[in-house]
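These figures come from a predicted structure and were not determined experimentally.
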Number of protein chains: 2
Amino acid sequence: MPRRTSLRGIDLAQIRTACSTCSLHELCLPAGLDATEMERVDQVVKLRRRTKRGDYLYRAGAELDSLFAVRSGFLKSCVVYEDGREQVTGFHMMGEVVGLDAISQERHTCDTIALEDSELCEIPFARLEELTREIASLQRHFHRIMSREIVRDHGVMLLLGSMRAEERLATFLINLSQRFASRGYSAHEFHLRMTREEIGSYLGLTLETVSRVFSRFQDDGLIEVNNRHIRIQDVARLRGLVGQPPHE
Amino acid sequence: MPRRTSLRGIDLAQIRTACSTCSLHELCLPAGLDATEMERVDQVVKLRRRTKRGDYLYRAGAELDSLFAVRSGFLKSCVVYEDGREQVTGFHMMGEVVGLDAISQERHTCDTIALEDSELCEIPFARLEELTREIASLQRHFHRIMSREIVRDHGVMLLLGSMRAEERLATFLINLSQRFASRGYSAHEFHLRMTREEIGSYLGLTLETVSRVFSRFQDDGLIEVNNRHIRIQDVARLRGLVGQPPHE
DNA sequence: CGCGCTGTTGAAACTTGTCAAAGTTTGTGG
DNA sequence: CCACAAACTTTGACAAGTTTCAACAGCGCG
């Protein structure tokens, strides 16, 4: 981590120009914005927000002020039921936008919590709406982001509704692998930021089952597990697991 | 059903003014549109589309042209996995909008099929985007509709991820009941438009389990089941089921 | 009026959850 | 920097819920 030694003014300037210089802006922003448009986007996206591991980005019930784009780090969202039951609805990494559920009632419907120290760009929603009315490509992009979330959720529903434990975990690992890969990280070796319990909650399994299936995968030579460090040894066979009847 | 005897021109006029006279426009449209704005909406919403039971409204992979608002009838959406497994992702009734998943890739990602003869308003998406850029309240409303779908999906994830069969079915019945009630129909007596298998697919259960739980509910005096006709006899106890550990 | 789709019910099998115990890692305070 | 506590992970044995397989009943459409 480079230490921040710059003067305050310089820091601010650096942060303000975030979007135009941000290396992952193709994930948040549409291609082909001209300089004027990019300038306006930069003005809307507020200062970065830093969260430490365990911090809440927002809680269910809180008023919607801003959406957040993950710049670095890793977070989870979870809905909490009246009786205290908790369901992790998603894990978020760099380039992804969180808070979309809050638009419906102008209140957040889930908690979003940092699983490691993270940096986020805060996007005041009211100003984003204004801007999307004026920049068609930005509007289109925003609609795509919302729709993508719906598609992702349908995928999770398929997983929860009709896959067995092994398939769920295989799907989960493949999905993580792809997301890391598309961000320039290794596709076959990565670090899990979440506990077995959080994985289990997301996949509709208990932590014990998650642990057991990891062990079984390891015994079968599909992956190598060292605590939270995962090394995928046989992607093809892992993929092959998905869509297979109970005992192949 | 009133028979259509009017001339073609008159019919068209009647259909064109659909939105401004539609009895459920508060479900599709924001409150407080002025006459000019309403006029513009009317022009964007194309002719109604009628589908018969079993018809596909669209199929996964088809290009996105329009979103559809359900005017009458009942439909289901389902994602189909490579291996042929099918997951019902939602049931749609009057006042609801379908097709939102397609915005992401400009292609539909699920099949949407009429479970009974239905009427839909076709909303060309490109023109809707234009209009939402010009009418802020319409834009806001559209964002809300997308966000509401995300919230709904998270609810289903909670259901699939952490509820037992009885809770799932109770939740399902309560949800249907509320949706019928908010549309002016009976909250405690209604007709299921879908098979046990479709309910099972939506809830991540087999059709046998759905059937068994219905029978158990009936034995316990919670509901009365006559094939697809449901009569809720004890809403309170049905609600109480949700959030209860295995054997209360 | 009968064939097929849909729904019900039973018994057995299987997957996953629950409970319990022990091992391991991580974080914190002395 | 070490030590201890807390949190996390693994593994086993057993219980429970759900699925699977199978047979039969019923309704509805042609």
Distances for protein N/O vs nucleotides 21-25 of chain D N/O pairs under 3.5 angstrom?
{"unit_1": "D:dC21", "atom_1": "N4", "unit_2": "B:E208", "atom_2": "OE2", "d": "3.3"}

Would A:E116 and A:R53 pass as an ion pair if we require N to O under 4.0 Å?
-> no
Which is true for A:R168 with a 4.0 Å heavy-atom rule: it touches a base, it touches only sugar-phosphate, or it touches nothing?
-> nothing
State, with a plain yes or no, whether a side-chain heavy atom of B:T109 is found less than 4.5 Å away from one of B:S104.
-> no
What is the bend of the helix from C:dC1-D:dG30 to C:dG30-D:dC1 when you compare the axis at one end with the axis at the other, using five pairs each and rounding to 10°?
-> 50°
Solution key, residues 216-225 of chain B side-chain donor-acceptor pairs under 3.5 Å, sequence neighbours excluded:
{"unit_1": "B:R216", "atom_1": "NH1", "unit_2": "B:E166", "atom_2": "OE2", "d": "2.5"}
{"unit_1": "B:Q218", "atom_1": "OE1", "unit_2": "B:V225", "atom_2": "N", "d": "2.8"}
{"unit_1": "B:E224", "atom_1": "OE1", "unit_2": "B:Q233", "atom_2": "NE2", "d": "3.2"}

Under 4.0 Å between a Lys/Arg side-chain N and an Asp/Glu carboxylate O for B:E96 and B:R183?
-> yes
Taking atom P of D:dA16 as reference, at what distance in whole Å does atom CD of B:E166 sit?
-> 15 Å
Return the value, rounded to whole Å, for the distance between atom CD of A:E167 and atom C1' of C:dT16.
-> 14 Å
Audit row: A:L159, A:F172, side-chain contact (heavy atoms from CB on, under 4.5 Å) steps and yes/no = CA-CA 9 Å; A:L159 178 144; A:F172 175 71; 5.6 Å; no
Within less than 4.0 Å of OP1 or OP2 of D:dT11, is there a side-chain N or O belonging to A:S215?
-> yes
Ignoring hydrogens and angles, tell me if any N or O in the side chain of A:D111 forms a donor-acceptor pair with the backbone of A:A60 under 3.5 Å.
-> yes
What pairs of residues pass the ring pair (Phe, Tyr, Trp, His ring centres under 6.0 Å) test when at least one of them lies in residues 77-97 of chain B, not counting sequence neighbours?
-> B:F91-B:Y202
Just how far, in rounded Å, is P of C:dT15 from CG of A:L169?
-> 16 Å
Does some side-chain heavy atom of B:T195 sit less than 4.5 Å from a side-chain heavy atom of B:E198?
-> yes
Just how far, in rounded Å, is P of D:dG28 from CD of B:E116?
-> 15 Å
Rounded to the Å, how far apart are B:H229 NE2 and D:dG26 C1'?
-> 18 Å
From B:L57 CG over to B:R49 CZ, what is the distance, rounded to the nearest 0.5 angstrom?
-> 5.0 Å
Could you pick out which residue, A:A165 or B:F214, lies toward the 5' side of DNA chain C when each is mapped onto its nearest nucleotide?
-> B:F214
Would you say the side chain of B:L115 lies within less than 4.5 Å of the side chain of B:L75, judging by non-hydrogen atoms?
-> no
Starting from P on C:dT9, measure out to CZ on B:R216 and report it in whole angstrom.
-> 12 Å
May I ask you to test the B:L192-B:L176 pair for a side-chain heavy-atom distance under 4.5 Å?
-> yes
Is the shortest heavy-atom distance from the side chain of A:M163 to the side chain of B:Q87 under 4.5 Å?
-> no
Beyond-backbone contact of A:M194 with A:R228, side-chain heavy atoms, under 4.5 angstrom = no
For A:L160 and C:dT15, give me the distance from atom CG to atom C1', rounded to whole Å.
-> 16 Å
Using a cutoff of under 3.5 Å, can you pull out all pairs of nitrogen or oxygen atoms linking the protein to nucleotides 7-9 of chain D, with atom names and distances?
{"unit_1": "D:dT9", "atom_1": "OP1", "unit_2": "A:R228", "atom_2": "NE", "d": "3.1"}
{"unit_1": "D:dT9", "atom_1": "OP2", "unit_2": "A:R196", "atom_2": "N", "d": "2.8"}

Residues within residues 198-206 of chain A bordering DNA chain C, heavy-atom distance below 4.0 Å | A:G204, A:L205, A:T206
Side-chain heavy atoms of A:L67 within contact of A:L64, under 4.5 Å = yes
How close or far is atom P of C:dT25 from atom CG of A:L192, stated in whole angstroms?
-> 16 Å
